[in-house]
Amino acid sequence: LSLADFLIQGKVLWQSGVPVPRYIAGENLDKFPFGKLWRKCGAYYFDRDAKRDNGYMAAYDEEIKAGLRNGENLLVYAEGGRNRGDGISRIQSGTIGQVLDVVDEGNEIWTVPCFIDYDKTIESGVFEKVDTYKTELRQLRTNLRDLKRQGKSVRVFIENLKYQRKNKLHFSWDFYAFLKRIFESDKGEAHLRFGEAFPIGEFLTSVGNEDRRRKRILTEKVEHELISLSRPHGKL
């Protein structure tokens with residue numbers, strides 16, 4: 001729902017004596033002045049634009065799995081990004097597949113469903129600006145690909161400068177929203193709910209060995225738990 005999610009969840013877990021988990025963050029968050037700080041706080045940065053780069057994806061995949069094998073807690077945002085507070089979006093199963101690979105190696109991993117919502121989302125006033133930036137960045141990326149195919153090196157250089165400038169400013173609206181929140185009298189409240197923990201390996205023992213089916217069933221289980229927690233009468 002918000003960039004504040006991992007800050008609030010991390011603080012609650014730390015205050016409860018639970019080790020603060022690592023978490024997966026978009027590459028757009030790796031920006032001054034917070035990029036290095038969030039990395040030190042456990043962020044795995046993931047560049048969505050590099051999904052087609054096999055070398056990058058192999059390295060990223062191994063980094064996540066190595067952490068899980070070492071017993072690190074991992075905070076996963078199953079929807080793959082922010083929504084606008086309009087219910088649960090489609091669950092992304094990429095990290096679920098990585099978790100299943102580690103479970104298949106003989107490591108049991110427990111999942112704790114967690115849902116967070118707000119009386120007043122911090123970034124609600126800048127969502128439109130953020131979406132506009134995303135649209136412009138996608139168009140610039142498309143222009144760069146087309147110009148590279150056409151061999152127009154000078155235009156590629158110019159368009160790449162435009163892209164890098166706008167990409168650095170992408171986080172500026174979120175930063176403005178957080179800064180503005182400090183001075184607001186009505187900050188609202190955050191509501192954090194936890195479901196019942198369950199062991200993935202044990203849960204899947206009755207499913208069979210077909211990878212795609214196991215992945216789908218686990219994804220549906222996570223989605224069901226999150227939907228239950230998102231309702232006022234959900235498990236607390």
Side-chain angles (χ1 to χ4, degrees), residues 1-10 13 19-84 88-103 105 107 109 111-116 122-123 127 130-131 133-142 144-145 160 163-164 166-175 178 200 215 218-219 222-223 226:
L1 289 175
S2 168
L3 292 181
D5 292 357
F6 70 90
L7 299 173
I8 294 171
Q9 290 166 318
L13 293 172
V20 177
R22 305 287 305 267
Y23 56 92
I24 299 170
E27 190 71 19
N28 60 298
L29 297 183
D30 190 12
K31 299 289 187 297
F32 179 84
F34 299 112
K36 290 184 178 180
L37 172 64
W38 286 339
R39 188 183 297 277
K40 289 181 179 296
C41 291
Y44 288 114
Y45 285 116
F46 176 60
D47 186 356
R48 295 181 178 90
D49 296 335
K51 286 182 178 180
R52 297 181 182 180
D53 185 332
N54 293 333
Y56 174 85
M57 290 305 297
Y60 168 76
D61 185 68
E62 182 55 33
E63 184 179 23
I64 297 297
K65 291 179 181 177
L68 292 171
R69 293 186 191 107
N70 290 333
E72 292 181 349
N73 293 333
L74 179 64
L75 183 59
V76 178
Y77 294 97
E79 296 168 281
R82 288 183 288 190
N83 64 32
R84 301 300 185 256
I88 302 296
S89 303
R90 182 174 179 271
I91 300 300
Q92 303 296 315
S93 59
T95 306
I96 289 176
Q98 294 170 323
V99 170
L100 283 175
D101 288 343
V102 177
V103 169
E105 295 172 1
N107 305 284
I109 295 178
T111 295
V112 182
C114 179
F115 183 84
I116 186 171
I122 295 176
E123 306 99 312
F127 278 148
V130 171
D131 289 341
Y133 256 66
K134 286 182 179 179
T135 300
E136 292 175 353
L137 282 171
R138 281 196 294 268
Q139 185 59 53
L140 284 170
R141 284 196 297 267
T142 300
L144 277 170
R145 286 195 295 267
N160 188 55
Y163 175 80
Q164 294 301 330
K166 188 164 286 293
N167 191 34
K168 287 182 179 179
L169 293 172
H170 183 200
F171 182 60
S172 60
W173 286 108
D174 291 301
F175 179 72
F178 274 74
I200 292 176
K215 188 175 181 179
L218 182 55
T219 301
V222 170
E223 184 175 33
L226 292 178

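Heavy atoms only: backbone and side chains are in, while hydrogens, waters and symmetry mates are out.
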Residues in side-chain contact (heavy atoms from CB on, under 4.5 Å) contact with D47, at least two apart in sequence or another chain: E27, D49, A50, Y56
Which residues pass the side-chain contact (heavy atoms from CB on, under 4.5 Å) test with I64, not counting sequence neighbours? I24, Y44, Y60, L68, L74, Q98
Between atom [atom1] of [X] and atom [atom2] of [Y], what is the distance when rounded to the nearest 0.5 Å?
X   : Y    : atom1 : atom2 : result
D5  : I116 : CG    : CD1   : 5.0 Å
F46 : M57  : CZ    : CE    : 4.0 Å
T95 : L100 : OG1   : CG    : 11.0 Å
N73 : L13  : CG    : CG    : 8.0 Å

F6 and R22: side chain to side chain contact (heavy atoms under 4.5 Å, CB included), yes or no, with the steps? CA-CA 10 Å; F6 70 90; R22 305 287 305 267; over 6 Å; no
Donor-acceptor under 3.5 Å (N107 side chain, R69 main chain): no
Taking CG in N70 as the centre, count heavy atoms belonging to other residues, nucleotides or ligands within less than 6.0 Å. Is the count above 12? yes
Determine the minimum heavy-atom distance between C114 and Q9, stating which atoms define it. SG-NE2, 3.3 Å
